[in-house]
Amino acid sequence: MKIGFYPGCSLESSSKEYSTSLFAVAEKCGVTLEEIKDWSCCGASAAHSLSHDLSIALPARTLALAENQGMTEIVIPCAACYGRLAASQQAIINDEKVHQRIEGYIDLKFAGSIKLLTIFEFLQKYIFPVADQYIVNKLNQKTACYYGCLLARPKDLTKLKHPESPMEMEVVMEKAGATPVDWAFKTECCGAGFSMSRTDIVAKLSGKILEDAADRGADSIIVACPMCHSNLDLRRPEIKKQIKRDIDIPVLFITQALGLSMGIPAKDLGLDKHFVPTGNTVSCIVKKEA
Amino acid sequence: MEEEIGVITSHCYQCGKCTAGCPLNEDMDIMPSQILRILQAELPGYEDKLLSSLSIWLCLACDTCYSRCPQEVKLSQVMDFLRQESLRQNKVNPKAKDILSFHKAFLETIEKNGKLNEVWLTLNYKLKSLNMLQDVQKAPSMFFKGKLNPFPNKVQNVEEIERIFKRVSENEGGNK
Amino acid sequence: MARIGVFICHCGENISATVDVEKVAREAEKLSGVGYAMDYKYMCSDPGQTKIIEAIKEHNLTGIVVGSCSPRMHEATFRKVAEKAGINPYLCEIANIREQVSWVHPKSDATTQKAIDIVRTLVQKVKRDSALFPIKVPVTKTALVVGGGIAGIQAALDIANAGHQVILVEKSPSIGGHMSQLSETFPTLDCSQCILTPRMVEVAQHPNITLHTYAEVESVSGFVGNFDVKVRLKARSVDLSKCTGCGTCWEKCPNKKIPDEFNAGLSFRTAIYTPFPQAVPNKPVIDREHCTWFLKGKCGLCAKNCPTGAINYDTQDEFIDLKVGAIVAATGFDIKHTDFFPEYGYGQFKDVIDGLQFERLASASGPTGGEIRRPSDGEIPEKIVFLACSGSRDKAKGIEYCSKICCMYTAKHAMLYKHKHHEGNAYIFYMDIRSAGKNYDEFVRRAVEEDDVHYIRGRVSRIYEKNGKLIVKGVDTLMNAEPIEIEADMVVLATAVVANQDAESVAQKMHISYDKHHFFAEAHPKLRPVETNTAGIMLAGACQTAKDIPDTVSQASAAASKVIGLFSADEMTREPVIAVVNRMMPPQFTTCTGCLLCMEVCPYHAIEREEIKDRRTGEILKVAAKVNAGLCQGCGTCVAFCRNKSIDLQGFSNQQMLSEVMALLNKPF
């Protein structure tokens with residue numbers, strides 16, 4: 001099975017482990033991820049904050065490339081990239097004038113017909129049907145599934161069944177043998193792109209998230225967004241200072257958690273690349289009963 | 001503004017739910033619902049207050065406001081518009097300097113490379129913001145984890161990217 | 001030979017300022033068939049009417065056209081004038097040269113020409129008018145009231161007190177409706193059950209009222225004055241004639257875990273039950289969907305212990321056929337119950353409740369005996385946060401309307417809480433205060449000024465639970481949009497008033513219109529608020545739209561008065577502008593082929609299948625369509641659809657319509 005793949009900038013560098021673990025799981029389940037040739041950055045928050053047309057044009061280039069390369073479906077694991085590409089596609093589909101203007105910018109013709117999959121849709125469609133035979137371990141711990149903003153909103157683009165208290169990640173984690181906890185900060189903002197320019201805000205917002213997860217007894221936090229991961233993982237020292245608490249629970253990507261349950265070694269899932277050590281989670285794995 | 005982004009300010013009945021749910025409501029100078037009120041009221045002299053506020057730059061575009069608004073007012077799009085307008089009219093709040101520098105540094109990196117180059121971005125940002133020592137301790141560990149590549153892949157047809165930037169800039173009146 | 005009289009009104013200056021009325025009259029006189037034409041300042045006035053009568057007599061007019069305001073205004077006036085002058089009132093037509101000419105066009109030759117054209121077409125129509133006579137329809141003087149809440153109770157009592165028979169049908173085991181669930185009512189803080197139960201007993205004991213509880217309307221057919229209604233009497237499993245209401249059965253029932261609808265899900269009831277102690281009738285029913293006997297064939301304790309042997313598991317649903325002359329729909333409302341607001345955790349957190357649940361907590365007959373206690377741990381809350389507008393006025397959630405009663409009952413709830421727990425803190429997050437009734441605003445001010453309820457203007461974005469408390473994140477927009485966070489012990493949502501779940505099917509059974517929210521549609525929002533577009537069916541109460549008790553009772557009495565008016569004569573008179581299927585001598589009988597397409601398209605179900613039989617042998621000679629004169633509203637849909645033009649509209653026949661069109665085109669006909 002082949003499906004198009006848009007990594008986005010973070011999956012190539014600061015959140016490389018998301019990509020590594022995604023590939024590991026996909027390979028195990030017989031799914032080939034075909035990277036869009038010569039893709040470019042989606043523009044993230046900077047583009048839509050400073051220039052409306054640029055924020056549609058940059059993702060549109062990638063959409064056009066994918067379409068012209070014959071792809072019908074692409075999975076976009078990064079929540080922000082998904083949001084930008086989906087918004088761009090919606091804008092050009094809804095308004096023919098915008099469509100033409102954007103085609104003028106990017107010098108490429110395209111219909112905006114390609115189907116964009118979130119990481120959850122990808123897992124549901126391509127991994128779940130075959131996953132059971134590969135799951136050999138149980139994660140055996142309490143996990144707080146953290147969606148952040150862009151996996152939940154805007155509702156019409158993210159297509160979650162219950163945007164205020166989603167369960168898509170919980171379903172995956174239950175399959176992986178973990179016990180998802182019920183907590184209050186599932187879709188609260190982590191501080192997003194302020195990692196460098198307003199680290200204090202990231203520390204405050206991510207701090208609230210970390211505290212609630214820890215207070216509810218979670219042993220780890222599961223994420224599916226590189227920005228959230230970075231804010232909760234890389235920025236942990238700043239958070240600890242802000243909330244004056246030493247909380248050391250690790251943050252895992254959903255594909256890493258799933259990979260662990262499939263018996264893929266921790267190193268192959270990039271679990272050694274985190275700033276907050278993930279050793280505790282790895283050691284909680286037990287063999288699944290037959 | 002209404003025409004450009006399709007948001008009709010009269011729809012807002014000032015319930016305040018957006019402000020109540022905004023993660024940054026403790027830090028903003030003008031609250032989201034107040035921003036809409038200023039746009040609704042159209043009183044002279046207030047437009048400048050909006051464009052030079054810190055709030056519009058603090059907004060993280062998390063969309064909590066829009067997702068809960070009972071009248072479906074796209075406040076996040078309003079914020080984008082105000083940011084762009086603020087830049088166009090050169091009224092950016094001085095406290096938002098670092099935030100703006102980051103956005104600009106980000107886009108400059110994309111323009112030159114087509115993709116994010118974190119080393120370039122960081123250096124560029126530090127030059128703009130003069131926060132030289134920030135995150136310096138993190139650099140080595142990031143490098144050894146393979147997360148910081150000073151020579152990452154560029155987009156092959158990077159001139160396409162540059163062309164997009166140029167064309168948009170000409171069309172929008174140049175505000176990079 | 002036709003001799004038509006044309007009378008052009010100036011309508012003061014309303015018409016004459018824009019239209020050259022003298023010219024219109026002069027041109028009309030030139031038309032063939034017109035025997036007389038005149039213009040006058042106020043045709044509808046007494047002298048104006050007299051002039052018409054004199055002209056009819058003097059010039060032997062056979063029909064008249066009055067060029068004036070809309071027929072909706074004065075058609076009835078001028079038809080009476082024609083009748084007084086001795087010609088059939090349906091030989092009088094109105095040419096609307098005000099609303100359709102002088103009021104919508106500027107003064108010009110073209111405008112006057114339009115008036116002339118319109119008069120000309122009406123003259124052609126009147127030439128082909130036939131004399132019509134009002135239709136008399138017999139009336140059955142029994143009323144059916146559907147719904148036994150305060151609206152239905154009030155309507156039933158009013159109609160019964162006027163001396164007519166009433167049948168009251170209520171789908172739950174007891175009458176009383178939502179009002180019986182309330183603890184106290186605004187603005188007087190009267191105990192709700194205390195003022196309701198006397199009425200309920202009156203209904204049960206009234207000689208003119210037949211009460212059927214645990215019953216539903218199954219089908220309605222027929223027409224005003226002559227409805228055929230089938231009612232399903234659901235199987236109670238209890239023989240009402242033997243049961244004494246002693247209560248042994250529900251004491252013995254082992255199945256005590258069924259969510260109690262009367263207590264809005266806050267407690268449990270048994271499978272054999274009466275909904276509340278003051279139920280009318282105070283005799284139980286068995287809930288067959290949850291009863292162990294009906295589910296598994298075991299138990300039977302109630303029957304074994306019943307001292308009078310009133311319980312019979314074998315009873316089946318019964319059907320009764322009723323003949324009634326009028327129906328009052330008083331089926332009431334519901335409130336949004338489900339997890340409509342995921343951001344408020346409703347349905348997720350036990351201590352987030354809706355308004356009706358709070359009423360049950362406050363009510364002395366409720367699950368906590370009238371003490372306000374948290375559903376989660378039974379503790380008395382120290383801080384309660386009330387959210388107004390939880391679901392109403394919310395375009396994003398699909399309910400744009402205001403539910404009208406919530407501002408008042410939220411104030412009431414806060415006051416009741418403070419009266420019972422003086423040290424407690426009550427906060428109300430509101431958007432506006434809608435307290436427009438008599439003594440209503442004073443009531444709200446009492447909450448603020450005397451009972452120390454804290455009103456915060458703003459909405460709440462989110463509620464989540466932490467360490468047993470509910471964290472409420474709201475805002476105070478009057479304090480410069482200051483975010484407010486309250487750690488509450490209980491949250492009460494004033495959820496939206498909505499139509500009942502089965503409102504759509506009830507409306508369809510009764511053939512009445514309803515809107516997109518499934519509220520029943522009134523005939524005219526301003527001038528006919530208690531009738532529907534279906535003749536003979538009235539509306540009362542919240543089934544029409546969200547309403548408080550005073551308005552409900554007023555509307556119920558109004559609906560009753562309409563019914564009483566309907567019953568005031570033995571026969572009803574109806575306008576003869578109806579469709580008629582042509583009939584002629586045998587052996588043809590009619591050109592109608594009996595395809596019955598008209599029956600399918602008639603929006604009023606006014607067309608029936610008629611079998612034309614040989615008088616001696618009873619053999620069916622022909623099947624044709626027949627119009628029910630009592631139901632037909634003269635819309636003309638059947639005429640448009642009839643394949644061979646066998647059906648025509650009296651007063652607006654095909655010939656007349658065609659002649660008008662040809663007159664407009666200035667072509668001969």
Side-chain angles (χ1 to χ4, degrees), chain A residues 8-10 12-17 37-41 43-55 57-58 61 83 101 104-108 148-150 152-155 163-164 187-201 204-205 208 234 270 272-275, chain B residues 4-5 23-24 26-27 57-58 60-64 66-67 76 79-81 83-84 87 98-104 106-107 110 113-116 118 121-122 125 129 131 134-135 138 141-142 145-149 152-153 155-158 160-161 163-165 167-169 171-172 175-176:
Chain A
C9 309
S10 341
E12 281 204 334
S13 54
S14 53
S15 291
K16 190 130 176 66
E17 56 269 26
K37 292 191 209 10
D38 211 32
W39 58 268
S40 49
C41 178
S45 349
H48 75 73
S49 294
L50 300 191
S51 161
H52 179 70
D53 274 2
L54 194 62
S55 74
L58 284 176
R61 176 177 178 273
R101 193 165 77 234
Y105 287 139
I106 64 177
D107 261 345
L108 288 166
C149 308
L150 298 178
R153 300 180 283 272
K155 288 184 270 227
E164 287 286 348
T187 56
E188 298 289 317
C189 185
C190 66
F194 280 174
S195 182
M196 293 193 89
S197 46
R198 284 295 297 262
T199 322
D200 61 317
I201 289 183
K204 184 168 72 162
L205 295 179
K208 288 190 196 169
L234 174 70
D272 52 337
K273 303 260 185 274
H274 292 207
F275 280 83
Chain B
E4 236 187 86
I5 61 176
L24 289 151
E26 292 170 22
D27 306 280
W57 294 102
L58 280 183
L60 281 168
C62 75
D63 250 349
T64 304
Y66 172 49
S67 74
S76 27
M79 290 295 203
D80 267 346
F81 177 86
R83 283 190 274 260
Q84 290 154 23
L87 202 51
D98 282 351
I99 299 174
L100 182 56
S101 302
F102 184 82
H103 287 319
K104 282 194 174 172
F106 191 100
L107 286 181
I110 306 298
N113 299 294
K115 294 182 194 179
L116 191 58
E118 272 152 13
L121 167 63
T122 317
Y125 172 66
S129 65
N131 282 342
Q134 185 187 359
D135 292 335
K138 301 223 194 262
S141 43
M142 282 196 72
K145 286 179 196 280
K147 292 189 177 188
L148 212 55
N149 186 354
N153 303 330
V155 164
Q156 273 190 345
N157 297 318
V158 71
E160 285 178 22
I161 312 290
R163 210 165 46 218
I164 295 176
F165 269 79
R167 285 178 181 163
V168 172
S169 174
N171 209 359
E172 285 191 339
N175 60 1
K176 305 288 160 308

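So that the names make sense, note that chain A is the first sequence line, chain B the second, and so on, each numbered from 1.
- In this structure, the side chain of A:Asp38 engages the main chain of B:Asn157 through a donor-acceptor pair within 3.5 Å.
- Counting all heavy atoms, side chain and backbone alike, B:Gln84 lies closest to A:Ser49 at CG-O, 3.6 Å.
- Using a 4.5 Å cut-off on side-chain heavy atoms (C-beta onward), A:Leu50 and B:Arg83 make no contact.
- Contacts between A:Lys37 and chain B at a heavy-atom distance below 4.5 Å are absent for every atom of the residue.
- Of all the heavy atoms in A:Phe194 and B:Trp57, the pair that sits closest is CZ-O, 3.4 Å.
- Taking 4.5 Å as the limit, some side-chain heavy atom of A:Arg198 sits within range of a side-chain heavy atom of B:Leu58.
- Salt bridge status for B:Arg167 with A:Asp53: absent, with no side-chain N to carboxylate O gap under 4.0 Å.
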So B:Glu118 and A:Lys16, salt bridge (charged side-chain N to carboxylate O under 4.0 Å, His left out) or not? Walk me through it. CA-CA 13 Å; B:Glu118 272 152 13; A:Lys16 190 130 176 66; over 6 Å; no

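- The choice from A:Glu188, A:Lys155, A:Lys204 that makes the most heavy-atom pairs within less than 4.5 Å of chain B is A:Lys204.
- What you find for B:Leu60 and A:Ala192 is that their closest heavy atoms are CD2-CB, 3.7 Å.
- The shortest side-chain heavy-atom distance between B:Phe106 and A:Cys41 falls under the 4.5 Å cut-off.
- Contact of B:Ser129 with chain A is not made at all, since no heavy-atom distance falls under 4.5 Å.
- B:Arg163 places no side-chain N or O within 3.5 Å of a backbone atom of A:Ile106 that could act as its donor or acceptor partner.
- With a 4.5 angstrom heavy-atom cutoff, B:Ile110 touches chain A only via side-chain atoms.
- Contact annotation: the side chain of B:Val168 never approaches that of A:His52 to less than 4.5 Å [non-hydrogen atoms, C-beta and beyond].
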